[in-house]
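Let me begin by presenting the structure, written as structure tokens, before commenting on it.
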Amino acid sequence: MTLQQLRYAIEIASSGSMNEAAKRLFVSQPSLSNAIKELENEFGITIFERTNRGISISVEGMEFLGYARQIIEQTDLMENRYTGKKRSPIYFSVSTQHYAFVTDAFVKLMKQRDLSEFNFGLRETQTYEIIEDVRTLRSDLGVLYLNESNYKLMNKLFSDGNLKFTPLFITNPHVYIRSGHPLAHRESLSIYDILPYAYVTFEQGENNSLHFSEEMLSFVQIEKNIKVNDRATLTNLLMGTDSYTIGTGILVSDLNGDDLKTIPFDSTEVFTVGWIALKDRRPSEIASAYVEILNDLVSRNSFDLNHFLL
């Protein structure tokens, strides 16, 4: 086993593709594939499972990569301490539902750190993909919510993927509308108030079960629905029309100014927003710093949810 082989394996897991990893590492794909095969043969395990659709990380591969990352992180620290050699780029990635406060925390993390070289990733994606990204080590952390209707399925997926869910905050559903919306003056809204307007929701792809819905409430009687796949499109629709969506009640005024507002929805449902990570993998220093920023954002504004964004 060599440190280079471990770095190769980590890069493949990070990129999710043998081809992409080879490009990033500036090596040929056959050389990269042979290096991984030698590593697998040496330890008698399968790290990456090859299929016609690409590669995926095996269960034993996830455990192996957890150890590999710790070895590389410690090696980089030793080299930097005793030889002055420049450390390898810092890798960190987050997969999340479409929450601007997650982006806000990411911005604060980058402002706090004076890094000469890094490889960061921030993926706003579908709920099932968040779980898969963290399970397969494509992302270090995932941010999503649990409620009474989805927690059994989600907890099963967490258990199957060896994932741990850590709560950030608890909230009730809120309606997001533009400041000039006909309902903007209301202190609370019911299903009958919003029925005449279009409900903007995020696509969930093949895994379109209501359990994976990103919006905090699903209405069977809704006749007007607009599906989108990114937060910028959703925001533009909300600001340009009388449509609405349902979310946490969190607004980030720095990103949207006073163009949007949130109004509590008449519902007794409670939602827990939190983050997931692999149970047996010790969080990196950068991941721990990011979680600390998230917790700080929540604690400083826990009594004023209208300060945040969706």
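To the nearest 0.5 angstrom, Ile72 atom CD1 is 11.0 Å from Leu65 atom CG. If you take CG on Asn147 and CD1 on Ile170, they are separated by 12.0 Å, rounding to the nearest 0.5 Å. Rounding to the nearest 0.5 Å gives a distance of 12.5 Å between CD of Glu129 and CG of Leu144. Atom CG of residue Asp104 and atom CG of residue Leu294 lie 9.5 Å apart, to the nearest 0.5 angstrom. Taking CD of Glu124 as the start and CG of Leu122 as the end, the distance is 6.0 Å to the nearest 0.5 Å. The line from NZ of Lys279 to CG of Leu163 is 8.0 Å long, rounded to the nearest 0.5 Å.
Using modelled atom types and a 3.5 Å distance limit, the side chains of Arg50 and Ser56 yield no donor-acceptor pair. No side-chain donor-acceptor contact under 3.5 Å links Asp266 and Ser190. Remark: the Gln97 side chain and the Thr127 side chain contain an N/O donor-acceptor pair separated by less than 3.5 Å.
When side chains are defined from C-beta on, Leu195 counts as touching Ile191, because their heavy atoms get closer than 4.5 Å. The closest side-chain heavy-atom distance from Ser213 to Phe202 is not below 4.5 Å. Contact of the Met62 side chain with the Asn162 side chain is not registered, since no non-hydrogen atoms from C-beta on lie closer than 4.5 Å. When side chains are defined from C-beta on, Phe271 does not count as touching Asn172, because their heavy atoms never get closer than 4.5 Å. Looking at heavy atoms from C-beta onward, Ile71 lies in side-chain contact with Leu6 at the 4.5 angstrom threshold. Side-chain contact between Val228 and Leu237 is present, with heavy atoms from C-beta onward closer than 4.5 Å. Under the 4.5 Å side-chain criterion, counting only non-hydrogen atoms from C-beta, Gln126 is not in contact with Ile130. Looking at heavy atoms from C-beta onward, Leu183 lies in side-chain contact with Ile194 at the 4.5 angstrom threshold.
More than 12 heavy atoms of other residues, nucleotides or ligands shown are found within 6.0 angstrom of CZ on Phe43. For Glu148, the CD atom counts as loosely surrounded, since its 6.0 Å shell holds 12 or fewer non-hydrogen atoms of other residues, nucleotides or ligands. Annotation for Tyr151: atom OH does not count as buried by contact number, only 12 or fewer foreign heavy atoms lying within 6.0 Å. In this structure, Glu292 places its CD atom where only 12 or fewer heavy-atom neighbours from other residues, nucleotides or ligands lie under 6.0 Å away.
With Phe169 as reference, Phe101 is the one residue of Trp275, Tyr99, Phe101, Tyr145 to meet the ring-ring contact (aromatic ring centres under 6.0 Å, His included) rule.
Evaluation of the side-chain contact (heavy atoms from CB on, under 4.5 Å) rule for Lys227 yields Thr201, Glu203, Asn225 as partners, not counting sequence neighbours. For Arg135, the side chain to side chain donor-acceptor pair (under 3.5 Å) test picks out Glu132, with sequence neighbours left out.
What you find for Phe165 and Thr272 is that their closest heavy atoms are CZ-O, 3.7 Å. When all heavy atoms are compared, the tightest approach of Ala9 to Leu39 is CB-CD2, 4.4 Å. Across all their heavy atoms, Gly61 and Ile57 have their closest contact at C-CG2, 3.7 Å. In plain terms, the two heavy atoms of Ile276 and Ile131 that are nearest each other are CD1-CA, 4.1 Å. Closest non-hydrogen pair, Asp133 versus Ser95, comes out as OD2-OG, 2.7 Å. Across Met18 and Ile55, no two heavy atoms sit closer than the pair N-CD1, 4.1 Å.
In the hydrophobic clustering of this structure, Met110 groups with Val94; members are Ile, Leu, Val, Met, Phe, Trp, Tyr whose side-chain heavy atoms approach within less than 4.5 Å, directly or through other members. Linking Ile, Leu, Val, Met, Phe, Trp and Tyr residues whenever their side-chain heavy atoms come within less than 4.5 Å leaves Tyr67 and Ile47 in two separate clusters. A continuous path of Ile, Leu, Val, Met, Phe, Trp and Tyr side chains, each step under 4.5 Å between heavy atoms, connects Leu278 with Ile45, placing both in one hydrophobic cluster. Cluster membership check: Leu297 does not share its hydrophobic cluster with Val107, using side-chain heavy-atom separations under 4.5 Å among Ile, Leu, Val, Met, Phe, Trp and Tyr.
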Q) Run the side chain to side chain donor-acceptor pair (under 3.5 Å) check on Thr233 and Asp230 step by step: do they pass? A) CA-CA 6 Å; Thr233 300; Asp230 69 83; 2.8 Å; yes
**Q.** Candidate pair His174 and Phe265, rule ring-ring contact (aromatic ring centres under 6.0 Å, His included), full reasoning
**A.** CA-CA 5 Å; His174 287 66; Phe265 185 79; 9.8 Å; no
**Q.** Thr262 and Val175: CA distance, side-chain angles, deciding distance, side chain to side chain contact (heavy atoms under 4.5 Å, CB included) verdict
**A.** CA-CA 5 Å; Thr262 67; Val175 179; over 6 Å; no
Q) Should Tyr176 and Tyr244 be marked as a ring-ring contact (aromatic ring centres under 6.0 Å, His included) after you check the CA-CA gap, both sets of side-chain angles, and the distance that decides it? A) CA-CA 5 Å; Tyr176 286 75; Tyr244 69 93; over 10 Å; no
Q. Run the side chain to side chain contact (heavy atoms under 4.5 Å, CB included) check on Phe106 and Ile293 step by step: do they pass?
A. CA-CA 8 Å; Phe106 213 87; Ile293 293 172; over 6 Å; no
Q) Can you list the steps and then say if Gln5 with Ile36 is a side chain to side chain contact (heavy atoms under 4.5 Å, CB included)? A) CA-CA 7 Å; Gln5 287 175 315; Ile36 297 302; 5.9 Å; no
**Q.** Pair Leu260-Leu238, side chain to side chain contact (heavy atoms under 4.5 Å, CB included): steps then yes or no
**A.** CA-CA 8 Å; Leu260 295 179; Leu238 294 183; 3.8 Å; yes
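Of the possible polar contacts, none joining the Thr96 side chain to the His98 backbone as a donor-acceptor pair under 3.5 Å is found. Panel note: side chain Ser288, backbone Ser284; a donor-acceptor pair is recorded below 3.5 Å. Listed for the Asn295 side chain is a donor-acceptor partner under 3.5 Å among the backbone atoms of Val291. One N or O on the side chain of Thr171 and one on the backbone of Thr248 form a donor-acceptor pair closer than 3.5 Å. A donor-acceptor contact shorter than 3.5 Å is absent between the side chain of Lys224 and the backbone of Tyr199. When atom types are taken as modelled, the side chain of Asn150 and the backbone of Leu146 share no donor-acceptor pair closer than 3.5 angstrom. Side-chain atoms of Thr46 do not come within 3.5 Å of backbone N or O of Phe48 as any donor-acceptor pair.
Salt-bridge annotation for Asp242 and Arg178: present, with a side-chain N of the basic residue lying under 4.0 Å from a carboxylate O of the acidic one. Between Arg7 and Glu11 there is no salt bridge, since none of the side-chain N atoms of the basic residue sits less than 4.0 Å from a carboxylate O of the acidic one.
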